[in-house]
Structures are given as C-alpha cells and as structure tokens.
K.L.:
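My structure is below; once you've seen it, I'll send some questions.
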Amino acid sequence: MADTLNSVLIGAVAGLLSAAVTHFAAHARVRLDLAAQYDKQLQESRLAAYITLWAILEPLARYGRDRPVTYAVLQDISNKTRSWYFQTGGIYLTRASVTPYFDWKALMQPVLDDAALAKMPDTPIPDKPLKDIIAAGSTLRASLSADIGTKRLSRI
C-alpha cells in the first residue's frame with residue numbers, strides 16, 4: 001500500500017512538473033514567435049522607409065549627378081527629408097543611423113541659412129560645404145545600409 005501511495009505521489013509530482021515545464025516552454029515559444037514576427041515587420045517597414053530616403057538623396061550623389069547642386073536643390077532635399085522624418089521614416093531610424101542623419105542635416109543648415117545663396121537659388125553651392133554635405137550623405141547611406149543588412153551576405 002505504501003509503495004502504491006509513493007508511486008501515485010511520484011506520478012502526480014512528475015505530472016505537475018511536466019505540465020509546468022510544458023506551459024513555460026509553450027509560453028516562451030509564443031513570445032519568441034511574436035518577437036520574430038514583430039522584428040520581421042519592423043525590418044520590412046524600415047526597408048520601405050529607407051528606400052524612400054535613399055531616393056530623396058539622389059541629387060547629392062558623389063558621382064554622376066545630372067545637375068549642379070544649387071540652393072534650390074538643397075532646399076528641396078531639406079524639405080523632403082524633414083517631411084520624410086516626421087511623416088514616414090524618423091521613427092524607424094536606429095540609434096546607429098540617427099546620428100549620421102542629424103550630422104548631415106546640421107551640415108546643410110548653414111548653407112540653407114545663407115541669405116546670399118537664398119537670393120540666388122540657382123547658383124551652385126560652393127565646393128567646400130558641398131563636399132562635406134555629400135560625404136555626410138554617403139555616411140548616412142552607409143549607415144542605413146548597415147541597419148537593414150543590404151551589404152552583407154545573407155544569413156540563410
């Protein structure tokens with residue numbers, strides 16, 4: 001009788017332990033699945049936002065620009081990127097990319113604040129500030145690319 005009672009108690013404890021482990025394992029699996037789904041959606045949204053920003057930056061290409069970068073062009077890029085930041089993509093910038101984004105914007109601002117250039121919107125931007133702006137734009141694009149992993153081999 002004592003052996004039967006011990007067997008029943010051991011079976012009950014084992015069953016409870018098994019149920020507890022199964023519950024926590026299932027709960028952990030559901031959380032991992034939800035986290036993976038969220039990360040996938042975030043990456044897809046980030047990719048779409050970054051593609052839009054990348055296209056806005058085209059007039060600041062280091063090579064093969066189809067027209068000179070003028071005050072008017074720079075003002076247009078600044079306006080479009082401000083709208084992009086607040087309406088589309090700013091929320092998706094990672095910590096690694098937010099600094100290059102604002103560094104780039106900070107380099108453009110003195111040029112945009114230049115009253116003499118504003119009076120001649122079709123005059124090309126002087127070489128020194130333009131080279132710095134273009135280099136900062138290149139750094140920003142490299143950071144965006146690193147965020148979404150487009151320059152590395154597939155993990156699959």
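Nothing fancy with the numbering, it's 1 onward along the sequence.
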K.L.:
Are Ile133 and Leu74 close enough that some pair of their side-chain heavy atoms sits under 4.5 Å apart?
P.N.:
yes
K.L.:
Would you say the side chain of Gln43 lies within less than 4.5 Å of the side chain of Arg46, judging by non-hydrogen atoms?
P.N.:
yes
K.L.:
Report the distance from atom CG of Leu117 to atom CD of Gln75, rounding to the nearest 0.5 Å.
P.N.:
11.0 Å
K.L.:
Give the minimum heavy-atom separation between Trp104 and Leu140, together with the two atoms involved.
P.N.:
CE3-CD2, 4.1 Å
K.L.:
Are the side chains of Ile134 and Leu130 in contact, using a 4.5 Å heavy-atom criterion?
P.N.:
yes
K.L.:
Among Asp76, Thr81, Asn79, whose side chain to side chain contact (heavy atoms under 4.5 Å, CB included) with Ile56 holds?
P.N.:
Thr81
K.L.:
For Val69 versus Pro59, what's the shortest heavy-atom pair and its separation?
P.N.:
CG2-O, 3.5 Å
K.L.:
Backbone N or O of Gln41 within a donor-acceptor pair of the Ser45 side chain at under 3.5 Å?
P.N.:
yes
K.L.:
Is it true that, when you exclude Leu42 itself, more than 12 heavy atoms of the residues, nucleotides or ligands shown sit nearer than 6.0 Å to its CG?
P.N.:
yes
K.L.:
Decide if atom NZ of Lys105 counts as having more than 12 heavy atoms of other residues, nucleotides or ligands within a radius under 6.0 Å.
P.N.:
yes
K.L.:
Once rounded to the nearest 0.5 Å, what's the spacing between atom CZ of Arg82 and atom CD of Gln87?
P.N.:
9.0 Å
K.L.:
If you look at every heavy atom in Ala49 and Gly89, which pair is closest and at what distance?
P.N.:
CB-CA, 3.8 Å
K.L.:
Identify the two heavy atoms, one from Ala135 and one from Arg62, that lie closest to each other, and give their separation to 0.1 Å.
P.N.:
CA-NH2, 3.5 Å
K.L.:
Quick one: are Asp103 and Thr139 in side-chain contact, heavy atoms under 4.5 Å?
P.N.:
no
K.L.:
More than 12 foreign heavy atoms under 6.0 Å from CD of Glu44: is that the case here?
P.N.:
yes
K.L.:
Using modelled atom types only, decide if a donor and an acceptor are shared between the side chain of Ser97 and the backbone of Leu93 within a distance under 3.5 Å.
P.N.:
no
K.L.:
Just checking, is any N or O donor in the side chain of Thr70 or Asp122 under 3.5 Å from an acceptor N or O on the other one?
P.N.:
no
K.L.:
How long is the gap from CG on Leu60 to CD1 on Ile125, to the nearest 0.5 Å?
P.N.:
9.5 Å
K.L.:
If you measure from CH2 on Trp84 to CH2 on Trp54, what distance do you get to the nearest 0.5 Å?
P.N.:
12.5 Å
K.L.:
Say whether Val98 and Met108 are linked into one hydrophobic cluster, either directly or through other cluster members, by side-chain heavy-atom distances under 4.5 angstrom.
P.N.:
yes
K.L.:
Test of understanding: with side chain to side chain donor-acceptor pair (under 3.5 Å), list the residues that count as partners of Lys128, not counting sequence neighbours.
P.N.:
Asp132
K.L.:
State the NZ-CG distance between Lys119 and Asp114, to the nearest 0.5 angstrom.
P.N.:
10.0 Å
K.L.:
Taking all heavy atoms of Pro124 and all of Pro68, pick out the closest pair and write down the distance.
P.N.:
CG-CB, 4.1 Å
K.L.:
Of all the heavy-atom pairs spanning Tyr71 and Val111, show the shortest one and how long it is.
P.N.:
CE1-O, 3.6 Å
K.L.:
Please enumerate all residues that pass ring pair (Phe, Tyr, Trp, His ring centres under 6.0 Å) together with Tyr85, with sequence neighbours excluded.
P.N.:
Tyr101, Phe102
